[in-house]
Amino acid sequence: MNREEIVRKQREHVYGAVTTYYEEPLVLERGEGMRVWDADGTEYLDFFGGILTVSLGHCHPEVTGRMKEQLDTLGHTSTLYITAPQAELAERLVRRAPGNLRRAFFTNSGTEADETAVLSAQMYTGRQELVALRHSYSGRSMLAMSLTAHNSWRIGGTHIAGIKHAASPYCYRCAFGLEYPACDLRCARDIEELIQTTTSGGIAAFIAEPIQGVGGFITPPPEYFEVAVEIIRRYGGVFICDEVQTGFGRTGDHWFGIEHWGVEPDMITGAKGIANGAPMGVTLATEEVAAAWQGSTISTFGGNPISSSAALATLDVMEAEDIPARSARMGARLREGLDALAETYPCIGDVRGMGLMQGVELVDAEENPAPEKVARVFEETRRHGLLIGRGGLFNNVLRISPPMLCSSDDVDRALEVLRMAFEAVEEA
Amino acid sequence: MRVQVTLNGHLSWYTESKEKEMTLELPEGATVGDLIEPLGVPPVEVAFATVEDERVATDYALAEGTRVSLAPVIAGG
């Protein structure tokens, strides 16, 4: 099939709502390491990794090798039977997790992981109301969309009641018009009034991402979670840390994003990068929270042997390569380059993020969101063979998150392409 | 002629009224592409348009009473 035929089939038979990047959709055919090739044979340097999912690069031989081996041994069982890959993965993940997280429940996606965590919190606390953050993203189920705080992703109205959204720790566009540190963490402290005024006075959980991914890599001030979680616990809630985008190793120096902030979550949800692209979601919980689940539960595909083997192989490579340290090192190089570009190009309003999770917010002369500039950067970067992501409530943030085995040369090449793209934006 | 427009996602922010649904007065022979810019919506922000739930191109000719829905480009996941 040629490119045109593939596009035609997609357009005729896949939900029209499945929109794609770029004016002319990109049809990818092959990947290897940091690079992918389209149906016409054009090569691209991938700095988005299928939405922060291809942690180690495309078709990493260790991961695909272990998956193939497992496929030939045992492909599917459901959780009605015990398999070594799932049991071993659970042990490995809870050992890596911060604090007292001792139990794992496997699913297929971040959406399901968040669903599981919220239900666990409600059963554990006996309460129903939740606090989430504005600019957050939790997924595409009805609960996840109700947790999500982007109108674009809250399709069909508000499906689940009892979810209150606190101000995001979005310093560049502070909801209170304040500046850190003089703000004294007003966004975090306001959670107390939010609970007092918009809930029955006790909550089940606070769910938040250490860095808000879809929100445009919004990175909170260092003390944010300490202040916010202290309030949450005073009102009876548990803290669900959504590490779907930040885990594992992505933010540099640590395996989990929350470890930067010195707060121990009661639950962690993960997905995306866990298995280098094999579908997997996981909810990690303390012994007490997990024990509060009333009745039985199963998952047909959750923890399936192939995805679990992929995750184990991914963890092995991450440990061997010391991915957290590597993310910190390559992330610093990337950040230094982006900061330098921000000095040169006024369309860059803010550069933020940690490790290999860097966001660049594009603005006009009055610092209003400039999504049309992002669109231009997208077409330019594609033309020069670089794939990046976009996000933000205003659709005006570049999301840069390459596979974490990227080299210095890869980072330098990405920065050079971005420079050319910003040059084109400023000339337009 | 009058056409009814639905702006999905964040597209309504670009309009003065910020409303998601509106009726527009357009000259005879106007196309889907012709209604995007007067709304203040950057054309690059529109992923696709539908008329009566069928996807249409920007050169689709509008008629009195046509209901057009505009979907924004994707930015998440």
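Note that the structure is a prediction, hence the values are computed from the model and not measured. In the text below, chain A, chain B and the rest are named by the order of the sequence lines, each starting its count at 1.
The two residues A47(B) and T19(A) make their nearest non-hydrogen contact at CB-CG2, 3.7 Å. For the pair Y14(B) and P371(A), the tightest heavy-atom approach, listed with the atom from each and the gap, is OH-CG, 2.6 Å. Closest of all the heavy-atom pairs between W13(B) and L393(A) is CZ3-O, 3.2 Å.
Crowding of M142(A) atom CE: a count of heavy atoms from other residues, nucleotides or ligands under 6.0 Å not exceeding 12. Atom CZ of R8(A) is surrounded by more than 12 heavy atoms from other residues, nucleotides or ligands within 6.0 Å. Counting heavy-atom neighbours within 6.0 Å of E54(B) CD, excluding the residue itself, gives a total of 12 or less. E52(B) CD: more than 12 foreign heavy atoms inside a 6.0 Å radius. Taking a 6.0 Å sphere around CZ of R67(B), one finds it holds 12 or fewer heavy atoms contributed by other residues, nucleotides or ligands. More than 12 heavy atoms of other residues, nucleotides or ligands shown are found within 6.0 angstrom of CD on E25(B).
Of the two parts of F394(A), the backbone and the side chain both hold a non-hydrogen atom closer than 4.5 Å to a non-hydrogen atom of chain B. Of the atoms belonging to E379(A), not a single heavy atom falls under 4.5 Å from chain B. For a residue to count as touching a neighbouring chain, one of its non-hydrogen atoms must lie under 4.5 Å from one of that chain's; by this rule R154(A) does not touch chain B.
In this structure, OG in S152(A) is found 7.5 Å from CG in L11(B), a value given to the nearest 0.5 Å.
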